[in-house]
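Structure first, then comments.
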2 protein chains.
Amino acid sequence: MSSLPSPSAERPLRRDAERNRRLILDAAAEAFAEEGLHVTLDEIARRAGVGVGTVYRRFADKESLIDALFEDRIAEVVAVAEAALGHEDPWAGLVLWMDGFIGMQAADQGLKELLLSSAHGQQRVAGARDRLLPLVTAIVERAQAAGELRPDLRASDMPMLGHMLSGVADYTRCVSPDVYRRYVGIVLDGLRVRRDAASELPIPALDIDDVDAIMSTKGP
Amino acid sequence: MSSLPSPSAERPLRRDAERNRRLILDAAAEAFAEEGLHVTLDEIARRAGVGVGTVYRRFADKESLIDALFEDRIAEVVAVAEAALGHEDPWAGLVLWMDGFIGMQAADQGLKELLLSSAHGQQRVAGARDRLLPLVTAIVERAQAAGELRPDLRASDMPMLGHMLSGVADYTRCVSPDVYRRYVGIVLDGLRVRRDAASELPIPALDIDDVDAIMSTKGP
DNA sequence: CGTAACCGGAGATGCAGTCTCCGCTTATGA
DNA sequence: TCATAAGCGGAGACTGCATCTCCGGTTACG
């Protein structure tokens, strides 16, 4: 009986096929994180050490692969928002949210494109955004009620702040993958209602040579 | 004598040719500003109402066209820096510089790409950057000496701040070409050493529908 | 050891951008 | 007025890139 194929149930893959599936998933995660969603499936196959055919046998198309990969990543973003809202200090909660939100996007270009563009996986991501909005609104309003966060900020500013800051992260990554946190620091200072001095930035400025290096890498 | 062709001197174009040259230049300026340097010459020809052939007869390639167009635009950037440094109030000078620098890039994607990527017109732009660096350094240090600007900011932060803010400008332009100034305001607040309250932002936040609209336009 | 499942990667397909070519049109000045 | 050099439009050649297919050969496994 067990030898009969059971069409509706999932038949386990042959061992080599399962191994390759994992190789592909891992390579894709790495590639999307480093390069963004525009990487070709040929490149992913190359990284995984398999042929393109193998990728297409396992995933109908790029979209399916993206879906399979990011299902849980976007749940993580929601988890970060929940953790931030759970923090006892309202301002620290906001900082936690910003750091997590931006940090995840800075570490993973693919995730950023998924969260910010609705070009892929509309279903899944739209759902996550719906769960996110009330959480972020609460984080913002709580910090405002505590008199810490500038009262004119709105939850709808978040995507833009996220875009800005993960944008620098992309821009500077190749030379210094952490400088972006400098600018998160500056923006957070800009979000406070009042302060007596600028907070200490977590990272020193790049020097001019590094900036030149960045610009050189950006085009032929 | 005047009828002899003078090979080294420039022979004036026939009137229709000259008219088309202008049409192309104007169309290109508009197209580069709106879409960035990646627009195709076919698109520029279409906007100018001429054939592609006409464009290629007048400009050897895309690069030449870009050169012809942006020669004075980048000089303008230098002029803004000089004006800012000339302003009597050091902080106001910095604000002037940021507004001008970001504003020009926000109004013209092509200029932004030229200033930030060194993919095109290396010569001309590199020269402008050399003239710019001491000016910006002076603007920054003067505002710091006045005790207004946070002391840990460096001139080398400018390209990144520019990238960040003109990045949001690009992102939001299609829905509201001015919201980016909101984020300039937040960043400027983050650059001050101390303040008693958040400054008033020049533009209200977008509402969620607008944000959704932006995301929808970013890719099918 | 037979065979169904799987593999690799060459290449078909489709699309987009740059630039050329040539038959036709037009400004100009003799 | 008209001869002609200068100019025009745009189809399409060429190139490069990304997606996805196909099939001869290989491999896991009952």
Side-chain angles (χ1 to χ4, degrees), chain A residues 1-7 9-25 27-28 31-32 35-69 110 113 119-121 219-220, chain B residues 1-7 9-25 27-28 31-32 35-69 110 113 119-121 219-220:
Chain A
M1 210 148 80
S2 64
S3 64
L4 289 173
S6 56
E10 64 194 29
R11 191 209 350 239
L13 293 171
R14 225 169 71 174
R15 200 172 312 139
D16 52 347
E18 180 55 38
R19 184 180 53 83
N20 279 338
R21 203 187 109 95
R22 273 255 59 86
L23 285 175
I24 292 168
L25 244 24
F32 285 141
E35 322 258 6
L37 298 179
H38 72 101
V39 280
T40 68
L41 292 198
D42 288 54
E43 166 66 12
I44 291 174
R46 200 190 55 71
R47 286 182 185 237
V50 304
V52 226
T54 307
V55 177
Y56 280 97
R57 199 169 312 104
R58 216 43 72 203
F59 302 95
D61 52 19
K62 207 170 167 178
E63 211 59 18
S64 313
L65 179 54
I66 291 176
D67 255 32
L69 264 176
E113 288 166 27
H120 305 271
Chain B
M1 212 146 79
S2 64
S3 65
L4 289 174
S6 56
E10 64 193 30
R11 190 207 353 235
L13 292 171
R14 225 170 71 174
R15 199 174 314 139
D16 52 347
E18 180 55 39
R19 184 180 52 85
N20 279 337
R21 205 187 106 95
R22 274 254 59 84
L23 286 175
I24 291 168
L25 245 23
F32 284 141
E35 323 256 6
L37 298 178
H38 72 100
V39 280
T40 68
L41 292 197
D42 289 53
E43 166 67 10
I44 290 173
R46 200 191 54 72
R47 286 182 185 237
V50 304
V52 225
T54 306
V55 177
Y56 280 97
R57 197 169 316 103
R58 219 41 75 204
F59 302 94
D61 52 19
K62 207 171 167 178
E63 211 59 17
S64 312
L65 179 54
I66 291 176
D67 255 30
L69 263 175
E113 288 165 27
H120 306 271

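Each chain gets a letter, A, B and so on, in the order its sequence line appears, and its residues count up from 1. Reckoned from all heavy atoms, side chains included, excluding hydrogens, waters and symmetry mates. Keep in mind it's a predicted model, so treat the numbers as computed, not measured.
- Taking CD from A:Glu63 and CD1 from A:Ile66, the interatomic distance works out to 5.0 Å, rounded to the nearest 0.5 Å.
- For the segment residues 51-60 of chain B, the set of residues with a heavy atom within less than 4.0 Å of an atom of DNA chain D comprises B:Gly51, B:Val52, B:Gly53, B:Thr54, B:Arg57, B:Arg58, in numerical order.
- Closest approach of A:Val55 and A:Ala45 over heavy atoms only: CG2-CB, 3.8 Å.
- Straight-line distance from the CD1 atom of B:Ile44 to the P atom of C:dC19: 12 Å, rounded to whole Å.
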Scoring nucleotides 23-28 of chain C by protein non-hydrogen atoms under 4.0 Å (B base, S sugar-phosphate only, - none) yields ---BSS
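- In this structure, the CG atom of A:Leu65 is 11 Å from the P atom of D:dT19, given to the nearest Å.
- Between the P atom of C:dG9 and the CZ atom of A:Arg47 lies a distance of 18 Å, rounded to the nearest Å.
- Between A:Arg22 and A:Glu18, no side-chain nitrogen of the basic residue sits less than 4.0 Å from a carboxylate oxygen of the acidic one, so the salt-bridge criterion is not met.
- The distance from atom CD1 of B:Ile24 to atom CZ of B:Arg58, rounded to the nearest 0.5 Å, is 7.5 Å.
- Per the geometry, CD belonging to B:Glu43 stands 13 Å off C1' belonging to C:dA16, to the nearest Å.
- Along DNA chain D, the nucleotide nearest B:Asp42 and the nucleotide nearest B:Arg21 are compared for position; the residue whose nucleotide lies closer to the 5' end is B:Arg21.
- In this structure, A:His38 atom NE2 and D:dT19 atom C1' are separated by 16 Å, rounded to whole Å.
- Annotation: the span from A:Arg47 atom CZ to A:Leu23 atom CG amounts to 13.5 Å, rounded to 0.5 Å.
- At a threshold of 4.0 angstrom between heavy atoms, the contacts of A:Asn20 are confined to the sugar-phosphate backbone, with no base atom among them.
- For B:Ala28 against B:Leu69, the heavy-atom pair with the smallest separation is CB-CD1, 3.5 Å.
- In this structure, A:Phe32 CZ and A:His38 NE2 are separated by 10.0 Å, a value rounded to the nearest 0.5 Å.
- A:Arg46 has its CZ atom 15 Å from the C1' atom of D:dA18, to the nearest Å.
- One interatomic measurement links the two molecules: CD1 of B:Ile66 to P of C:dG17, which rounds to 15 Å at whole-angstrom precision.
- Of the N and O atoms on the side chains of A:Ser64 and A:Asp61, at least one donor lies less than 3.5 Å from an acceptor on the other residue.
- When rounded to the nearest whole Å, the span between CG of B:Asp61 and P of D:dC14 equals 20 Å.
- Applying side chain to side chain contact (heavy atoms under 4.5 Å, CB included) to A:Phe59 and the options A:Leu41, A:Leu65, A:Thr54 leaves one that passes, A:Leu65.
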